[in-house]
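All remarks here apply to the structure that follows.
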Amino acid sequence: MQAITHIAIVVEDYDKAIEFYTQKLNFVLVEDTQLTDSKRWVLVKPNAHSECALLLAKAANEEQMSRVGNQTGGRVFLFLKTDNFDRDYQNLLKKNIKIVREPSEEVYGKVAVFSDLYGNLWDLIEYRSLAR
């Protein structure tokens, strides 16, 4: 059996990224280990039971810095599934997170697009069925 355990997201600053994900999106900081003078192993995830975590990877050179905030060429990068869209959407508004596309009802569920602190696009989504 295989599973995706981590997805790397390039960030400018570890501490600002940790603050955004834990304070704004209410993610859990799973690990923050110093590896070298400039490199840390930082994992955050939506909750303690989530299998997949984001690996916050600080950009180490010019090419990596060019990818911060645009890791998918302007497409939605990550999909945050919720069991209560209205609660989590209100949290985005309360925490002043930029809403890129207002909520809409689609055939697959209720969705809105928001951006993280660097501009990466996320879907907040509550699926109609549990099949996804």
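Without hydrogens or angle criteria, Thr82 side chain to Asn84 main chain gives a donor-acceptor distance under 3.5 Å. Side-chain N or O atoms of Tyr118 include none that pairs as donor or acceptor with a backbone N or O of Val11 at under 3.5 Å.
Shortest non-hydrogen contact noted between Ser115 and Leu121 is CB-CD2, 4.1 Å. Contact between Val28 and Ala48 at its shortest, heavy atoms only, is CG2-N, 4.1 Å. Across all non-hydrogen atoms, the minimal contact from Asp83 to Arg87 is OD1-NH2, 2.9 Å. Annotation for Cys52 and Pro46: closest pair O-CD, 4.2 Å, computed over non-hydrogen atoms.
Linking Ile, Leu, Val, Met, Phe, Trp and Tyr residues whenever their side-chain heavy atoms come within less than 4.5 Å places Phe20 and Met65 in a single cluster. No continuous path of hydrophobic side-chain contacts links Tyr14 to Val30 [ILVMFWY only; heavy atoms under 4.5 Å]. Cluster annotation: Ile4 and Leu43 are assigned to distinct hydrophobic clusters (Ile/Leu/Val/Met/Phe/Trp/Tyr, side-chain heavy-atom contacts under 4.5 Å, transitive). Tyr21 and Leu55 fall into different hydrophobic clusters, defined by Ile, Leu, Val, Met, Phe, Trp and Tyr side-chain heavy atoms under 4.5 Å apart, directly or through other members.
Taking NZ of Lys45 as the start and CG of Leu54 as the end, the distance is 11.0 Å to the nearest 0.5 Å. Separation of atoms CG (Asn120) and CD1 (Ile9) is listed at 4.5 Å; rounding is to 0.5 Å. To the nearest 0.5 Å, the span separating CZ on Phe27 from CG on Asn47 amounts to 9.0 Å.
The aromatic rings of Phe114 and Trp122 sit parallel, their planes meeting at an angle under 30°, below the 60° perpendicular limit.
Of the residues listed (Asp13, Leu29, Val42, Val10), the one engaging Leu56 in a side-chain contact (heavy atoms from CB on, under 4.5 Å) is Val42, and it is the only one.
Between Arg40 and Ile18 the shortest side-chain heavy-atom distance falls below 4.5 Å. No side-chain heavy atom of Phe77 sits less than 4.5 Å from a side-chain heavy atom of Asp116. With a 4.5 Å cut-off on side-chain heavy atoms, Val76 and Val113 count as touching.
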Candidate pair Asp88 and Lys110, rule salt bridge (Lys or Arg N to Asp or Glu O under 4.0 Å), full reasoning: CA-CA 12 Å; Asp88 292 339; Lys110 196 171 192 178; over 6 Å; no
Side chain to side chain contact (heavy atoms under 4.5 Å, CB included) assessment of Ile125 paired with Glu106: CA-CA 10 Å; Ile125 187 164; Glu106 304 296 335; over 6 Å; no
Salt bridge (Lys or Arg N to Asp or Glu O under 4.0 Å) evaluation trace for Arg128 with Glu105: CA-CA 10 Å; Arg128 289 194 199 285; Glu105 292 283 344; 3.1 Å; yes
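For CZ of Arg75, the number of neighbouring non-hydrogen atoms (other residues, nucleotides, ligands) closer than 6.0 Å is 12 at most. The number of heavy atoms from other shown groups lying within 6.0 Å of CD (Glu31) is above 12.
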In a table with atom names and distances, give each donor-acceptor pair under 3.5 Å that connects a side chain of residues 90-100 to protein atoms at least two apart or in another chain.
from	atom 1	to	atom 2	distance (Å)
Asn91	ND2	Lys24	O	3.0
Lys95	NZ	Gln23	O	2.7
Lys95	NZ	Asn26	OD1	3.4

